[in-house]
Amino acid sequence: MGFWYDGNKNYAENKREKEGIVYYIRGVREVEGKRLERYAVNTHFIERGEDLCQLVDRYVKPLYEEGDILAIGEKVVAMCQNNTVEKKDVKIGFLARTLSKFATKNSDAGIGMGEPYKLQLAINMKGAPLILWGAFWGAVCKIFGKRGVFYEIVGQDVAGIDGFYMHSSFETYHNLAVLNPENPDGACEKISETLGIDAMIIDANDISVEILGTSPALRELSTQFLCETVGDNPAGQDDELTPFIIIRDIKDKEAMPYVPMKAREE
């Protein structure tokens with residue numbers, strides 16, 4: 001963690017293709033003695049209501065090798081489930097308009113509660129009393145240098161709201177919020193049962209990673225291990241269109257040539 005980047009991670013030098021599937025080398029990450037090479041699989045823009053298993057079969061299966069782990073961005077899963085809210089259906093109230101003015105702005109984690117529509121959606125989901133309670137303690141704890149308390153109080157489902165972002169590379173997300181996937185463990189289990197691929201659904205940005213769901217075999221691994229495999233957010237946060245990350249233990253094999261991104265200069 002702590003390495004932040006600007007722009008698209010899909011460097012042309014890292015581009016590869018197999019059986020018509022384009023993917024990008026994301027380099028090797030050493031975790032608990034394993035040398036894990038990651039491949040970011042390029043897809044079309046996935047719309048609401050598409051079939052997740054069919055997408056994995058189309059884009060991941062041709063590249064998959066026994067023992068690989070598949071990491072899936074949570075937004076794609078929620079889009080497939082159509083677990084979304086349109087901006088026109090959210091009416092901003094006084095509380096959201098007022099509290100949003102005091103919210104922390106942090107572009108590295110995506111748009112936050114400084115967006116009134118997003119805050120109003122959180123109020124609709126959790127109720128005004130809990131949001132006010134979270135905002136109060138979040139402000140108090142921030143004074144003492146502890147951040148993230150607001151989301152600890154109101155819940156991960158609020159933290160997982162994504163969208164209503166006018167600066168998004170994709171126009172769809174200007175007026176659409178994507179919620180957390182429903183039953184993420186079940187979605188991973190279906191991929192495992194249908195395609196024989198062990199998968200996890202992640203909520204990642206350039207600051208943190210959270211595991212939302214896993215297939216049964218991956219539950220034998222520690223959450224810390226799984227987070228570390230994608231700790232540098234290999235899917236990216238720009239317009240990469242790489243929601244599927246294949247993680248492969250290459251053991252002592254030579255890694256594929258890889259041109260790393262330069263960390264942002266602070």
Check: [X] side chain, [Y] main-chain N or O, donor-acceptor pair, under 3.5 Å:
X: N42; Y: L241; value: yes
X: K190; Y: C53; value: no
X: D68; Y: E65; value: yes
X: Q81; Y: E182; value: yes
X: E240; Y: K9; value: yes
X: K146; Y: I143; value: no

Can you see which heavy atom on [X] is nearest to which on [Y], and at what distance?
X: L226; Y: L218; result: CD1-O, 4.0 Å
X: V158; Y: F150; result: CG1-CE2, 4.4 Å
X: A96; Y: P116; result: CB-O, 3.8 Å
X: R35; Y: K253; result: NH1-O, 2.9 Å
X: C188; Y: M200; result: SG-CA, 3.8 Å
X: T242; Y: A40; result: CB-CB, 3.7 Å

Hey, could you give me the [atom1]/[atom2] distance between [X] and [Y], rounded to the nearest 0.5 Å?
X: R38; Y: T229; atom1: CZ; atom2: OG1; answer: 7.5 Å
X: T194; Y: D57; atom1: OG1; atom2: CG; answer: 9.5 Å
X: S215; Y: L70; atom1: OG; atom2: CG; answer: 9.0 Å
X: E220; Y: F225; atom1: CD; atom2: CZ; answer: 12.5 Å
X: I131; Y: L95; atom1: CD1; atom2: CG; answer: 8.5 Å
X: C227; Y: L221; atom1: SG; atom2: CG; answer: 11.5 Å

Applying the 4.5 Å side-chain criterion to the ILVMFWY set and letting contacts propagate, would [X] and [Y] be lumped into a single cluster?
X: V76; Y: V230; value: no
X: V41; Y: Y64; value: yes
X: F170; Y: I46; value: no
X: V154; Y: I123; value: yes

Is there a side-chain contact between [X] and [Y] in this structure, where contact means two heavy atoms from C-beta onward sitting under 4.5 Å apart?
X: E189; Y: P216; result: yes
X: V77; Y: L52; result: yes
X: M261; Y: D232; result: no
X: H44; Y: L55; result: yes
X: R16; Y: M256; result: yes
X: N10; Y: K15; result: no
X: I72; Y: F244; result: yes
X: Y23; Y: I246; result: no

task = Go through the side-chain N and O atoms of N180 and N83 and say whether any donor and acceptor fall under 3.5 Å apart.
result =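 Their side chains do not contain a donor-acceptor pair, so the 3.5 Å distance test is not met.
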message = Looking only at the side chains, is there a donor atom on one of N205 and Q237 sitting less than 3.5 Å from an acceptor on the other?
response =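 Not at all, the side chains of N205 and Q237 share no donor-acceptor pair under 3.5 Å.
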inquiry  = For F45 together with Y173, are the ring centres under 6.0 Å from each other?
reply    =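 So the answer is yes for these two rings.
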